[in-house]
Amino acid sequence: MTAAALPAGLRADTAPSAAPTEKRLAELPLTVLVGVTGVGKSTALSALAGKAGKVLPDRREVTDAVMIWPLAGEAVTDREERFRLTAQYRAAHHGGMAQALGSLWAATDVWDGRLVFDGLRGLDEVRYATDQFPLWRFVALGAPDTVRVRRLLGRGDQFDRVQVDGVQTAAVGDLRRALGELNGVQDVFSASELDELARLSSEGHTPADILAKAKIVVSERRNYDPQAAEKHLQTLPPSRALILDTVALSAAEVAAQVEAWA
């Protein structure tokens, strides 16, 4: 099986010296999306792609090439296991994805202009990026965790998979009980929010799928704190950070604000 590879013009920091046309991404002007799964980054990314420049490989691709393959030696699709491996990487590299991204070498004849990256998560990554890479700018997107579960249920991404002990029955009570038993769930969802999630089965979603998407949100929140990241970005000048609520704003309004700011 072939190891995960970055696209042409990008490489990991494995060689001692750079080619004349290469620079680290740390030295280039990037526009970086900040937000956890299901906050609406695709809308902002579409708005940025034509306005700000070329889109770099996304977080998933960089994670595969720089973190997952070196640690696991194989592809890993289960989200919970990926969270475990990326946490292992962060234990040795406290800047997490920001540190991994900034260390990549880019051929400037391929990756020129202002580049766009999707994306960073949590306070540690964002603070490392803002402190270490002064040319980077940030668009932070936020949404409540129950909204994120709904969006995950609606987007049909094959990547949104975790191993769950199946809830095979459609009974709301059984699903509600399983949701309440998720590790760390009490730190993310209130009892009333879990009741709301359990009732999603009446909208045609399977209990197993609801449980899986809730587990993704809980696992991600255990590793990244979006509120702390946003609070840190609020300390930056408006020219360097844009913070948007993707529930208060429609997709068109998000795109318009991103385009105007970029």
Side-chain angles (χ1 to χ4, degrees), residues 33-45 58-64 67-68 71-72 75-90 96-97 118-126 140-168 170 172 174-201 203-230 246-247:
L33 296 181
V34 176
V36 287
T37 306
V39 295
K41 294 192 297 296
S42 296
T43 297
L45 186 64
D58 64 20
R59 182 186 182 94
R60 190 181 307 174
E61 294 175 85
V62 176
T63 297
D64 284 337
M67 303 181 192
I68 301 297
L71 290 173
V76 176
T77 58
D78 183 81
R79 291 292 295 269
E80 186 83 356
E81 177 63 7
R82 290 175 68 88
F83 287 139
R84 187 190 70 78
L85 290 168
T86 54
Q88 183 179 336
Y89 177 88
R90 292 198 314 275
M97 175 54 66
D118 173 16
L120 297 184
R121 299 172 181 166
L123 177 60
D124 290 341
E125 291 185 0
V126 170
L141 306 169
D145 293 317
T146 53
V147 171
R148 293 174 55 213
V149 172
R150 282 183 172 274
R151 288 175 175 173
L152 288 176
L153 287 167
R155 73 183 192 175
D157 190 335
Q158 290 300 307
F159 183 70
D160 296 330
R161 293 182 295 179
V162 295
Q163 185 67 37
V164 296
D165 295 327
V167 179
Q168 302 303 328
V172 171
D174 291 343
L175 174 57
R176 174 62 178 83
R177 184 162 49 254
L179 287 166
E181 292 172 353
L182 289 174
N183 180 32
V185 72
Q186 68 280 354
D187 298 323
V188 180
F189 295 110
S190 67
S192 62
E193 287 173 332
L194 290 176
D195 292 341
E196 177 185 342
L197 293 180
R199 288 193 293 270
L200 290 175
S201 60
E203 299 179 13
H205 303 293
T206 68
D209 202 20
I210 295 167
L211 185 63
K213 300 308 187 282
K215 187 175 182 180
I216 289 171
V217 169
V218 171
S219 296
E220 195 170 41
R221 279 287 305 276
R222 194 161 60 240
N223 290 282
Y224 307 105
D225 184 345
Q227 284 77 28
E230 287 187 16
T246 64
V247 173

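Keep in mind that the numbers below use all heavy atoms, side chains included, and drop hydrogens, waters and symmetry copies.
Going from atom CG of L194 over to atom CG of L182 covers 8.0 Å, rounded to the nearest 0.5 Å. Taken from CG in D118 to CG in D58, the straight-line distance is 6.0 Å, to the nearest 0.5 Å. Going from atom CG of D78 over to atom CD1 of I216 covers 8.5 Å, rounded to the nearest 0.5 Å. From E81, atom CD reaches atom CD1 of I68 across 7.5 Å, with rounding to the nearest 0.5 Å. Atom CZ of R150 is separated from atom CD1 of I210 by 9.5 Å, given to the nearest 0.5 angstrom. A distance of 9.0 Å separates CG of D209 from CG of L152, quoted to the nearest 0.5 Å.
By the 4.5 Å heavy-atom criterion applied to side chains, D174 and P207 are not counted as neighbours. When side chains are defined from C-beta on, N183 counts as touching R222, because their heavy atoms get closer than 4.5 Å. Counting only heavy atoms from C-beta outward, the side chains of M67 and L85 never approach each other to under 4.5 Å. Residues D124 and R90 form no side-chain contact, since every pair of their non-hydrogen atoms from C-beta on lies 4.5 Å or further apart.
Partners of R59 by side-chain hydrogen bond (donor to acceptor under 3.5 Å, both in side chains), not counting sequence neighbours, listed by chain and number: E125, Y224.
No donor-acceptor distance shorter than 3.5 angstrom exists from the side chain of E230 to the backbone of Q227, with no hydrogens or angles considered. T246 contributes a side-chain N or O that, together with a main-chain N or O of V39, makes up a donor-acceptor pair within less than 3.5 Å. Side-chain N or O atoms of S201 include none that pairs as donor or acceptor with a backbone N or O of T206 at under 3.5 Å. The backbone N or O of G38 sits less than 3.5 Å from a side-chain atom of R151, completing a donor-acceptor pair. Side chain of R82 to main chain of V76: a donor-acceptor pair is present (N/O by atom type, distance under 3.5 Å, no hydrogens or angles).
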Begin from the C-alpha positions of E196 and R199 and carry the test salt bridge (charged side-chain N to carboxylate O under 4.0 Å, His left out) through to its verdict. CA-CA 5 Å; E196 177 185 342; R199 288 193 293 270; 5.7 Å; no
Step-by-step side-chain contact (heavy atoms from CB on, under 4.5 Å) determination, T86 to L71:
CA-CA 9 Å; T86 54; L71 290 173; over 6 Å; no
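In this structure, E220 and T37 approach most closely via the heavy-atom pair OE2-OG1, 2.8 Å. Smallest separation of non-hydrogen atoms from F189 and V217: CZ-CG1, 3.9 Å. Among all heavy-atom pairs drawn from K41 and L141, the shortest one is CA-CD1, 3.5 Å. Closest of all the heavy-atom pairs between A229 and V126 is CB-CG2, 4.0 Å. Taking both residues in full, the closest heavy atoms of G180 and V185 are given as O-CG1, 3.5 Å, listed atom of the first, atom of the second, then distance. Pairing each heavy atom of L179 with each of A214, the nearest pair is CD2-CB, 3.6 Å.
The pair R221-D145 meets the salt-bridge criterion, with a side-chain N (NZ, NE, NH1 or NH2) lying under 4.0 Å from an Asp/Glu carboxylate O. Taking 4.0 Å as the cut-off between side-chain N and carboxylate O, D64 and R60 do not count as a salt-bridged pair.
Residues S219 and E80 bring a donor and an acceptor atom of their side chains to less than 3.5 Å of each other.
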